[in-house]
Amino acid sequence: GSSTTRRRNRRQTLLPTEEPPVLPDPQRSRAVLIGVDSYRELDPVPAVAPGTRRLSKLLRDLWGLPKSHVTALGAGASAHQVLGAVRDAAQATRDTLVVYFAGHGLRDLDGRNLYLCLADADPNHPQVGTVAYKDLRDVLRQAGHRARYRLTFLDCCYSGLAGAMS
């Protein structure tokens, strides 16, 4: 009857007609995940480590990124290790580069510059024990110039400064 026709038509209009989105090529993509959960002079952020592990698993399981294409750094990472890992991943990327930072963020006295805190961050001197976002951005741009897409996710205080610094 007419109720069957109505249901059938409604069902047909709810079905997607577009092709599913195409994900970036995982073989030509890389991810660097930096999760700093413990600090000498700042409060710990206990949710960071499990969140970073979960993100790594999601990138591998849902996107198909090979484990060797995901670099995960924790609280023990130095600025040199962070920037080196980003440089290496950026140079190897031809499709999509994902850089993710979770932890504390600081800004300088002028409020213009963002600093991503590592374990030894000094809250009174943001240039000490941190990675300056400007340096991270510059490494991404220079080393990742062949990448089709460069995505940076910042889960920290003052992350809005990154947009003003671009």
Side-chain angles (χ1 to χ4, degrees), residues 21-26 28-60 62-63 65 69-166:
V22 177
L23 292 174
D25 181 357
R28 300 178 60 211
S29 300
R30 303 290 186 279
V32 179
L33 312 177
I34 306 126
V36 184
D37 60 344
S38 59
Y39 298 88
R40 293 191 200 295
E41 296 186 46
L42 296 166
D43 290 335
V45 189
V48 165
T52 304
R53 282 192 301 272
R54 178 76 175 132
L55 179 58
S56 176
K57 185 170 175 16
L58 286 171
L59 291 172
R60 293 189 321 268
L62 297 179
W63 183 9
L65 207 58
H69 291 200
V70 179
T71 301
L73 301 171
S78 68
H80 179 78
Q81 289 170 318
V82 168
L83 294 174
V86 170
R87 176 202 58 217
D88 295 347
Q91 288 175 336
T93 300
R94 296 299 176 267
D95 196 323
T96 301
L97 173 62
V98 174
V99 175
Y100 170 82
F101 174 84
H104 285 294
L106 295 172
R107 61 183 178 167
D108 60 12
L109 291 176
D110 296 334
R112 289 191 212 143
N113 295 301
L114 171 63
Y115 296 88
L116 309 176
C117 295
L118 302 177
D120 291 329
D122 181 339
N124 298 311
H125 300 93
Q127 300 83 356
V128 177
T130 62
V131 172
Y133 174 74
K134 178 190 175 306
D135 293 342
L136 178 74
R137 184 200 62 208
D138 291 349
V139 169
L140 276 168
R141 286 181 177 167
Q142 184 176 349
H145 69 277
R146 288 187 202 97
R148 184 171 162 208
Y149 300 107
R150 296 180 306 242
L151 306 173
T152 304
F153 298 92
L154 302 174
D155 185 2
C156 63
C157 287
Y158 308 113
S159 60
L161 288 174
M165 296 171 64
S166 295

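Nearest heavy atom pair, residue G35 against residue T52, reads CA-OG1, 3.6 Å. For the pair T71 and A85, the tightest heavy-atom approach, listed with the atom from each and the gap, is CG2-CB, 4.0 Å. Nearest heavy atom pair, residue A75 against residue V36, reads CA-CG1, 4.0 Å. Between C156 and L116 the shortest heavy-atom distance is SG-CD2, 3.9 Å. The heavy-atom pair separating T130 from C117 by the smallest distance is CG2-CA, 4.0 Å. For S78 against L118, the heavy-atom pair with the smallest separation is C-CD1, 3.6 Å.
The side chain to side chain contact (heavy atoms under 4.5 Å, CB included) test with Y133 singles out one residue from D138, L161, T152, and that residue is T152.
Side-chain N or O atoms of D122 include none that pairs as donor or acceptor with a backbone N or O of V128 at under 3.5 Å. Between the side chain of R107 and the backbone N or O of Y158 there is no donor-acceptor pair closer than 3.5 Å. Under the 3.5 Å distance criterion, the side-chain polar atoms of R94 are matched with a main-chain donor or acceptor of Q91. Listed for the S29 side chain is a donor-acceptor partner under 3.5 Å among the backbone atoms of D25. D108 places a side-chain N or O within donor-acceptor distance of the main-chain N or O of R112, the cut-off being under 3.5 Å.
Under the ring pair (Phe, Tyr, Trp, His ring centres under 6.0 Å) criterion, the residue pairs touching residues 33-58 are Y39-H104, with sequence neighbours excluded.
By the 6.0 Å contact criterion, CG on L62 is enclosed, its count of non-hydrogen atoms from other residues, nucleotides or ligands being greater than 12.
Side-chain atoms of F153 and S159, non-hydrogen and from C-beta on, never get closer than 4.5 Å to each other.
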